[in-house]
Amino acid sequence: MGIFLLLSLLGCGEKTIETPVPSCTSGLLAPGSYERSLTWEGVDRWYEVMVPTQADVGEPLPVVLNLHPFVLGGDELFHDIWRRESGLVETGEAEGFIVVQPDGTGDLAAWNAGEACCGDPVEADTDDVGFLREIVRLVAEEACVDEDRVYSTGMSNGGYMSHRLACEAPDLIAAIAPVVGSFSEDLVCESGRAVPVLQISGSEDGLASRTASVDRWREIYDCPAAGEVTYQNGTATCETWGPCIDGVEVTHCIVAGGGHCWFSDIDPQATPGCEPMNDI
C-alpha cells in the first residue's frame with residue numbers, strides 16, 4: 001500500500017497537543033508481538049499488538065489500527081495471510097510505530113462499517129467503533145502510546161471501517177488511510193476536529209466507491225474546489241485538496257487499471273487478480 005504516504009500522516013495528521021508528551025514509565029510491554037482478547041457485547045474478540053524495538057527508548061509511539069478486509073480475520077490462517085499481505089508489522093518495526101491488528105465478527109469476519117458493508121456485524125448492528133475505542137484504551141494501559149497519534153488503515157471492509165472511525169470518533173483518530181474502502185452514505189458524523197484523509201483506489205475497482213467517498217469528505221470539511229497533484233509514479237496519481245477546515249487535507253490516490261487490491265509489492269498477493277506493484 002502507500003505506506004510512505006501513511007507515514008507522512010503520522011507526522012502531519014497529529015492532533016494539537018497543548019502540553020509536552022511525557023516519557024513513559026517502566027513496567028510497560030517490551031518490544032514484541034502480543035495476542036490479547038476482550039469480551040465485547042457478549043462476544044470474545046481477539047487482537048494482536050506489535051510493539052517495535054524503538055519502544056525501549058521510552059518515548060510515546062504512534063499507533064496504527066490495521067483493519068482486515070472482509071473474510072481475512074477470525075482464523076489463525078487468515079491472520080497470517082493478512083499480516084503478510086499488509087506488511088505493516090515489518091514497517092512498524094522499521095519505522096517505530098505500534099501496530100494493532102484486531103478481528104471483526106461473524107461467520108465471515110467483518111466490520112460494521114455502516115449499511116454499505118458488510119455481513120453479520122451490519123445485521124447485528126455491532127458497535128465496532130466502541131470496540132476499537134476500547135482496544136486503544138487497553139493498549140495505552142500496556143504500551144507507551146502517544147494518544148494524539150492514533151491512526152487507522154485497512155483494505156476493503158477495513159477501509160470502510162476506517163472511514164467510519166474518522167466520521168464517528170474524530171476525538172480518537174488523528175488521520176485515516178483507507179485502501180479501496182468506501183464511506184457508507186448512511187453514517188452521520190460527530191462534530192469535532194477534522195480528520196485528514198488519504199484514500200487509495202483502483203480505477204477499475206467495482207466493489208468500492210472512488211470519487212464519491214472523497215467528494216463527501218471534501219464537502220464535510222469545506223475543502224477548496226481545486227485540487228493539486230501531489231504524487232505521480234507509474235500508474236499511481238495522487239490529488240490533494242486543502243487546506244480544509246482545521247487546516248486538514250484530503251488526498252485521493254488512484255492506481256490506473258487497478259482493481260480491488262492492496263497495491264503492495266508483496267508477491268504473491270492474497271487478493272485474486274492483483275499483481276505486486278511498486279507504484280505507490
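Index from 1, following the sequence.
- The shortest side-chain heavy-atom distance between Glu249 and Trp241 does not fall under the 4.5 Å cut-off.
- Hydrophobic clustering (side-chain heavy atoms under 4.5 Å, transitive across Ile, Leu, Val, Met, Phe, Trp, Tyr) groups Ile245 together with Phe183.
- Of all non-hydrogen atoms in Pro62 and Gly96, the two that sit nearest each other are CD-O, 3.8 Å.
- The side-chain heavy atoms of Asp128 and Arg45, taken from C-beta on, include a pair separated by under 4.5 Å.
- To the nearest 0.5 Å, the span separating CG on Asp44 from OG on Ser37 amounts to 6.5 Å.
- Under a hydrophobic clustering in which Ile, Leu, Val, Met, Phe, Trp and Tyr are joined whenever their side-chain heavy atoms come within less than 4.5 Å, directly or via other members, Tyr34 and Leu138 fall into the same cluster.
- Residues Gly58 and Cys144 share a closest heavy-atom pair of O-SG, 3.6 Å.
- Within a 6.0 Å radius of CD in Glu41, other residues, nucleotides and ligands contribute more than 12 heavy atoms.
- In Glu134, the CD atom is crowded: over 12 heavy atoms of neighbouring residues, nucleotides or ligands sit closer than 6.0 Å.
- By the rule that hydrophobic residues join a cluster once side-chain heavy atoms approach within less than 4.5 Å of another member, Val179 and Ile81 end up as members of one cluster.
- When side chains are defined from C-beta on, Trp217 does not count as touching Cys223, because their heavy atoms never get closer than 4.5 Å.
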**OP:** Go through Ile200 and Val180 one step at a time and tell me if the side chain to side chain contact (heavy atoms under 4.5 Å, CB included) criterion holds.
**Re:** CA-CA 6 Å; Ile200 301 176; Val180 293; over 6 Å; no

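- No donor-acceptor pair closer than 3.5 Å links the side chain of Thr240 to the backbone N or O of Thr251.
- Tyr151 places none of its side-chain heavy atoms less than 4.5 Å from the side chain of Ile173.
- For the atom pair CG of Asn233 and CE of Met277, the computed distance is 8.0 Å after rounding to the nearest 0.5 Å.
- Put simply, the side chain of Asp267 never gets that close to the backbone of Pro276: no donor and acceptor are under 3.5 Å apart.
- The list of disulfide (SG to SG under 2.5 Å) pairs with a residue in residues 154-197, not counting sequence neighbours, reads Cys167-Cys189.
- The shortest side-chain heavy-atom distance between Ile280 and Thr235 does not fall under the 4.5 Å cut-off.
- Contact annotation: the side chain of Glu59 never approaches that of Gln54 to less than 4.5 Å [non-hydrogen atoms, C-beta and beyond].
- Counting heavy atoms from C-beta on, the side chains of Thr153 and Leu88 come closer than 4.5 Å.
- We find the CG-CD1 distance between Asp215 and Ile220 to be 11.0 Å, quoted to the nearest 0.5 Å.
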Subject >> CA sep, side-chain torsions, deciding dist, call: Asp279, Phe263, side chain to side chain contact (heavy atoms under 4.5 Å, CB included) >> reply: CA-CA 8 Å; Asp279 292 357; Phe263 305 120; over 6 Å; no

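- The closest donor-acceptor contact from the side chain of His68 to the backbone of Gly158 lies at 3.5 Å or more, if one exists at all.
- No side-chain donor-acceptor contact under 3.5 Å links Asp246 to the backbone of Val248.
- Contact check on Asp127 versus Arg133 returns no salt bridge, with no Lys/Arg side-chain nitrogen under 4.0 Å from an Asp/Glu carboxylate oxygen.
- Side chain to side chain, His163 and Ser182 fail the donor-acceptor criterion of an N or O pair below 3.5 Å.
- Residue Glu115 qualifies as open at atom CD: its count of foreign heavy atoms under 6.0 Å is 12 or below.
- No more than 12 heavy atoms of other residues, nucleotides or ligands lie within 6.0 Å of CG in Asp107, so this atom counts as exposed by the packing criterion.
- Put simply, Leu38 and Leu172 are part of the same group of oily side chains (I, L, V, M, F, W, Y) that touch within less than 4.5 Å, one to the next.
- If you check the side chains of Gln269 and Ser264, you find a donor sitting under 3.5 Å from an acceptor.
- There is a side-chain donor-acceptor pair under 3.5 Å between Asp103 and His79.
- For the atom pair Ser152 OG and Leu165 CG, the distance stands at 5.0 Å (nearest 0.5 Å).
- Leu187 approaches Gly114 most closely through the heavy-atom pair CD2-CA, 4.0 Å.
- The structure places CG of Asp205 at 5.5 Å from NE2 of His260, a figure rounded to the nearest 0.5 Å.
- Side chains of Val64 and Ile98 form no contact here, defined as non-hydrogen atoms less than 4.5 Å apart.
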Subject >> Step-by-step side chain to side chain contact (heavy atoms under 4.5 Å, CB included) determination, Val49 to Glu35 >> reply: CA-CA 6 Å; Val49 182; Glu35 293 190 3; over 6 Å; no

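- For Thr53, the side-chain hydrogen bond (donor to acceptor under 3.5 Å, both in side chains) partners are Glu93, not counting sequence neighbours.
- Arg83 contributes no side-chain N or O that, together with a main-chain N or O of Val89, makes up a donor-acceptor pair within less than 3.5 Å.
- Closest approach of Val250 to Arg218, counting heavy atoms only: CG1-CG, 4.2 Å.
- Pro178 and Gly159 make their closest contact through CB-O, 3.4 Å (heavy atoms, listed as atom of the first residue, atom of the second, distance).
- Linking Ile, Leu, Val, Met, Phe, Trp and Tyr residues whenever their side-chain heavy atoms come within less than 4.5 Å leaves Val197 and Ile254 in two separate clusters.
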**OP:** Take Leu61 and Val145, measure what side chain to side chain contact (heavy atoms under 4.5 Å, CB included) needs, and give me the verdict at the end.
**Re:** CA-CA 5 Å; Leu61 299 179; Val145 170; over 6 Å; no

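- In this structure, the side chain of Ser184 engages the main chain of Ala116 through a donor-acceptor pair within 3.5 Å.
- Remark: the Asn66 side chain and the Ser86 side chain contain an N/O donor-acceptor pair separated by less than 3.5 Å.
- A salt bridge is absent between Arg164 and Asp186: the closest approach of a Lys/Arg side-chain nitrogen to an acidic carboxylate oxygen does not fall below 4.0 angstrom.
- Within the cation-pi definition used here (under 6.0 Å to the ring centroid, within 45° of the axis), Arg36 does not qualify as a partner of Tyr47.
- Taking CE from Met155 and OG from Ser162, the interatomic distance works out to 12.5 Å, rounded to the nearest 0.5 Å.
- Closest heavy-atom contact between Gly181 and Ser213: O-OG, 4.4 Å.
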Subject >> Residue pair His252, Thr211: steps toward the side chain to side chain donor-acceptor pair (under 3.5 Å) verdict >> reply: CA-CA 8 Å; His252 191 197; Thr211 59; over 6 Å; no

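- For the pairing with Trp111, the side chain to side chain contact (heavy atoms under 4.5 Å, CB included) check across Val122, Leu132, Val129 returns one residue only, Leu132.
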